[in-house]
Engineer: 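Here it is, the structure in full.
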Amino acid sequence: MKALLDTLRAHKRGSACGIYSVCSSHPLVIEAAVRAAASDGGYALIESTSNQVNQFGGYTGMTPSDFKDFVAKITAQTALPAQRVLLGGDHLGPNCWRTLSADVALERSEQMVSDYVAAGFRKIHLDCSMSCAGDPDALSDRVIAARAARLCHASERAWRIHGGEAPVYVIGTEVPTPGGAAEDLEALAVTDSAAVTITLTEHLEAFSARGLEEAWTRVCALVVQPGVEFDHHKVIDYQPDKVRALSARIEREPGLVYEAHSTDYQTPAALAALVRDHFAILKVGPAVTFALRETLWALADIEQQLGIAPRESLQQTVLAAMQRDPRHWHAYYTEPKSQRVDLQFSLSDRIRYYWSVPEVSRACDALLANLHTRGIPLSLLSQYLPIQYAAVREGAIANDPRELLLAGIDRVLRGYARACHPDLATPAAGRLQ
């Protein structure tokens, strides 16, 4: 984590730099992130969430150790040295076990955090903001902080057993909904700067009560709400004027920056403004898998136009899988009239939970193989993927379906890279404008 801490220290000294975190378990997204870091000469910060990866496998079927090996295998096929991949755990806490009592949920959370640290994850987001069975609807700052300290204690114990770099921690009680809002949004309240003081005070006291004063020195970031979010079809844009007091508040904390969640779909200018205003860690997740889906749909349309598509299209295969198992989207897409559009095109991107379904994975592989064998005419590439077409014509990327797909993802990452590293004025070879 030295590279992460060095970046944050440079930011605190006045540099307009930051780091972005890619939160996804899709192999092509991870490959794109690793390749981006290699081309920029930087580090790839890859994070998994507690519902993606935990001791029971999460929805990916991977434990923390499995995910570490998964990322390492992908990295080994790129030009990025393994030591330039940083692993983080996002929303580590009782989120997956909210229907259980707090004691049981926290026991499971302790094991999860311990497993993350044992596997080599060193950026640990302690998120105990959600209520469990028997809790009041809204937890007090003191309870949240006490639970976070309990998980930090488990993390520290695991680190001392397994060794390696010391973990660094992210805390915060005003955590946006993981993966975007389920409801229709119009506006958001920015975290009040007084709430920052309360959060820090309660957490410091809770850490001290457990003898975690040294661990407290490794708390590097605080999650707050900067007024950014997205729902199914709208984006709440960052408005710097509304965060002036919040931005100024963190300047009083020598070792701390803000971490901004749900920055997906913000404009490049907004991302740069967030970093400038001390949101020096930017999280991105659904936006990159949304770009993946966009490009896959375009490639499937090209396949259809070429007359080489299978009887059941990729879109039909994915939608059928989603209808058979609606657990990942039924609470989000509740309007029957718009459901088919939402399933495919929602910014919430609940479709991302289905790429690893065996028949969907096979359909994606078949699409790429089919187009690789047939070749994509420039005329159709221009029609369906005009940005990639321009890059192909300039010789920046190859006219190969897999490379086109990676380029679609990279285009999202490019906005984050420029926001975090303003010196990247010109895209590296093979990267899109």
Engineer: What are the two closest heavy atoms between H11 and C17, and how far apart are they?
Structural biologist: ND1-O, 2.8 Å
Engineer: Please enumerate all residues that pass ring pair (Phe, Tyr, Trp, His ring centres under 6.0 Å) together with Y238, with sequence neighbours excluded.
Structural biologist: none
Engineer: Do you know the tightest heavy-atom contact between S131 and P136?
Structural biologist: OG-O, 2.6 Å
Engineer: Between D103 and S101, is any side-chain donor less than 3.5 angstrom from a side-chain acceptor?
Structural biologist: no
Engineer: Between T317 and R362, is there a side-chain donor-acceptor contact under 3.5 Å, judged purely by atom types and distance?
Structural biologist: no
Engineer: Do R352 and W355 form a cation-pi contact, if we require the NZ or CZ to be under 6.0 Å from the six-membered ring centre and within 45 degrees of the ring's axis?
Structural biologist: no
Engineer: May I ask you to check whether S338 and D342 show a side-chain donor-acceptor distance below 3.5 Å?
Structural biologist: yes
Engineer: List in chain and number order the residues that pass salt bridge (Lys or Arg N to Asp or Glu O under 4.0 Å) with E251, two or more places apart in sequence or in another chain; answer none if no residue qualifies.
Structural biologist: none
Engineer: Please name the residue in the list K123, E156, H203 that meets the side-chain hydrogen bond (donor to acceptor under 3.5 Å, both in side chains) test with Y169.
Structural biologist: E156
Engineer: Mind checking what makes side-chain contact (heavy atoms from CB on, under 4.5 Å) contact with S65, not counting sequence neighbours?
Structural biologist: T63, D69, A119
Engineer: Which atom names give the shortest non-hydrogen contact between M112 and V53, and what distance separates them?
Structural biologist: SD-O, 4.4 Å
Engineer: Verify whether one side chain among E229 and S262 offers a donor that lies under 3.5 Å from an acceptor in the other.
Structural biologist: yes
